[in-house]
Amino acid sequence: NYIKPLKVNFTLNGIKKSWEAVRSHDSVAILLYHKEKEAFLLVKQFRAPVYLNDKTKTFTYELCAGLIDKNKSIEEIVIEEIDEECGYKVHIDNILKISSFYTNVGISGGRQHLYFASIDESMKIHNGGGVNDEQIELHFLPLSECDNFLFDEEKAKTPGLMFSFYWFLKNRQELGL
C-alpha cells in the first residue's frame with residue numbers, strides 16, 4: 001500500500017539506462033523539544049529493513065513522523081502525527097518549518113518536510129504510541145546528551161534526526177530555548 005516498485009527507463013547523455021526504484025509517499029518529520037525536561041522527545045520503533053541489515057539493531061531512534069497520504073495540509077498532518085505518536089496537542093501556530101529534503105535518493109526519492117515544535121506537560125493529552133500496531137516507544141533525550149547520542153554508532157538513527165539536531169543547536173538562541 002505504501003510503496004510501488006517499478007523499473008525506470010530513461011536516456012541520459014545519449015545512453016539508454018534502466019533503474020529499479022520505489023514510488024513512495026512524501027513524509028513529515030517533527031523535532032520535538034520538551035521545554036520543562038530540557039530534552040528532545042524521540043520515538044523508538046522497530047524497522048525491519050534496519051534489522052535485516054544488522055540483527056543487533058532491534059529498533060531505531062527517530063523523529064515523530066508520518067506519511068503525507070491524506071487529503072490534509074502538511075501542517076495538519078504534522079499536528080496529527082504529534083498527537084498519535086507522542087500524545088501531545090500542538091497548535092498550528094506553534095510549529096515551525098525547518099526545511100525539506102529528499103530521502104533514500106537512490107531508490108525512492110521521497111521528499112521529507114522537516115518541522116520543529118516545543119512542547120510541555122500542559123499539552124499532554126495521552127501516552128502516545130501510534131495507531132494500529134505501530135508499537136512506538138517514546139524516548140526523552142536530554143539536551144546535555146545530544147552530542148554523545150549523535151556520534152554513538154551503536155544507536156540506529158535517521159539522517160533527518162541528526163540534521164534536525166544540528167538545526168536546533170544552530171538556532172537555539174533565536175528559539176529562546
Side-chain angles (χ1 to χ4, degrees), residues 1-2 24-47 50 57-103 110-152 155-177:
N1 292 336
Y2 301 102
S24 64
H25 290 284
D26 289 348
S27 62
V28 297
I30 310 99
L31 176 63
L32 295 170
Y33 182 75
H34 196 292
K35 293 182 282 190
E36 296 159 339
K37 295 182 185 215
E38 295 184 3
F40 297 107
L41 177 53
L42 308 178
V43 299
K44 285 172 51 176
Q45 195 168 8
F46 176 77
R47 295 295 187 185
V50 174
K57 306 296 186 257
T58 54
F59 57 85
T60 61
Y61 292 89
E62 305 175 17
L63 298 173
C64 171
L67 297 176
I68 300 173
D69 61 349
K70 301 171 187 121
N71 191 21
K72 296 182 177 185
S73 74
I74 293 174
E75 290 78 11
E76 289 171 319
I77 294 172
V78 165
I79 291 167
E80 186 176 88
E81 291 298 333
I82 296 169
D83 175 351
E84 290 175 1
E85 292 190 358
C86 300
Y88 288 82
K89 178 123 179 105
V90 176
H91 190 272
I92 197 163
D93 293 337
N94 295 335
I95 60 173
L96 175 65
K97 178 143 189 204
I98 296 173
S99 188
S100 67
F101 54 90
Y102 291 90
T103 61
R111 187 173 185 183
Q112 187 164 81
H113 301 268
L114 191 57
Y115 283 81
F116 170 79
S118 292
I119 56 173
D120 61 46
E121 283 306 292
S122 72
M123 302 166 143
K124 187 168 179 127
I125 52 176
H126 60 85
N127 290 331
V131 294
N132 301 324
D133 63 348
E134 282 185 295
Q135 298 180 0
I136 291 171
E137 185 180 327
L138 301 181
H139 175 77
F140 286 96
L141 175 70
L143 179 59
S144 62
E145 296 176 20
C146 179
D147 278 345
N148 290 335
F149 177 85
L150 277 171
F151 292 98
D152 184 348
K155 291 183 171 60
K157 50 198 161 299
T158 64
L161 180 146
M162 296 171 75
F163 173 76
S164 66
F165 282 0
Y166 164 78
W167 174 88
F168 179 89
L169 295 171
K170 186 174 186 298
N171 293 284
R172 184 176 178 197
Q173 194 169 20
E174 288 177 35
L175 295 168
L177 301 170

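Reckoned from all heavy atoms, side chains included, excluding hydrogens, waters and symmetry mates.
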Are the side chain of [X] and the backbone of [Y] linked by a donor-acceptor contact shorter than 3.5 Å?
X      : Y      : value
Glu36  : Glu121 : yes
Glu85  : Ala65  : yes
Thr103 : Gly110 : yes

With a 4.5 Å cut-off on side-chain heavy atoms, are [Y] and [X] touching?
X      : Y      : value
Ile119 : His34  : yes
Phe59  : Gln45  : no
Val28  : Glu75  : no
Tyr33  : Glu38  : yes
His113 : Ile77  : no
Phe40  : Phe149 : no
Met123 : Asn94  : yes
Leu138 : Leu41  : yes

Sole candidate of Lys157, Arg47, His139 that passes side chain to side chain donor-acceptor pair (under 3.5 Å) when paired with Glu62:
Arg47
What distance do [X] atom [atom1] and [Y] atom [atom2] have between them, rounded to the nearest 0.5 Å?
X      : Y      : atom1 : atom2 : answer
Leu31  : Ile95  : CG    : CD1   : 13.0 Å
Leu96  : Tyr115 : CG    : OH    : 9.5 Å
Glu81  : Cys64  : CD    : SG    : 6.0 Å
Leu67  : Gln112 : CG    : CD    : 10.0 Å
Ile68  : Ser27  : CD1   : OG    : 6.5 Å
Ile136 : Phe46  : CD1   : CZ    : 14.0 Å

At their closest point, which heavy atom of [X] faces which heavy atom of [Y], and how far apart are they?
X      : Y      : value
Val50  : Ala156 : CG1-CB, 4.2 Å
Leu114 : Leu63  : CD1-CD1, 3.4 Å
His126 : Gly128 : ND1-N, 3.0 Å
Tyr88  : Ile82  : O-CG2, 3.4 Å

side-chain hydrogen bond (donor to acceptor under 3.5 Å, both in side chains) involving Asp120 - partner list, sequence neighbours excluded
Ser122
Partners passing ring-ring contact (aromatic ring centres under 6.0 Å, His included) against Phe101 (at least two apart in sequence or in another chain)
none
Just list the side-chain donor-acceptor pairs under 3.5 Å for residues 160-177, sequence neighbours left out, or say none.
from, atom 1, to, atom 2, distance (Å)
Ser164, OG, Gly160, O, 3.3
Ser164, OG, Leu161, O, 2.8
Asn171, ND2, Trp167, O, 2.8
Arg172, NE, Leu177, O, 2.4
Arg172, NH2, Leu177, O, 3.2

Could you check whether atom NZ of Lys124 has more than 12 heavy atoms from other residues, nucleotides or ligands sitting under 6.0 Å from it?
yes
Counting only heavy atoms from other residues, nucleotides and ligands, does the tally under 6.0 Å from CG of Asp93 exceed 12?
yes
Intermediate values then yes/no, salt bridge (charged side-chain N to carboxylate O under 4.0 Å, His left out), Glu80 and Lys70:
CA-CA 11 Å; Glu80 186 176 88; Lys70 301 171 187 121; 2.5 Å; yes
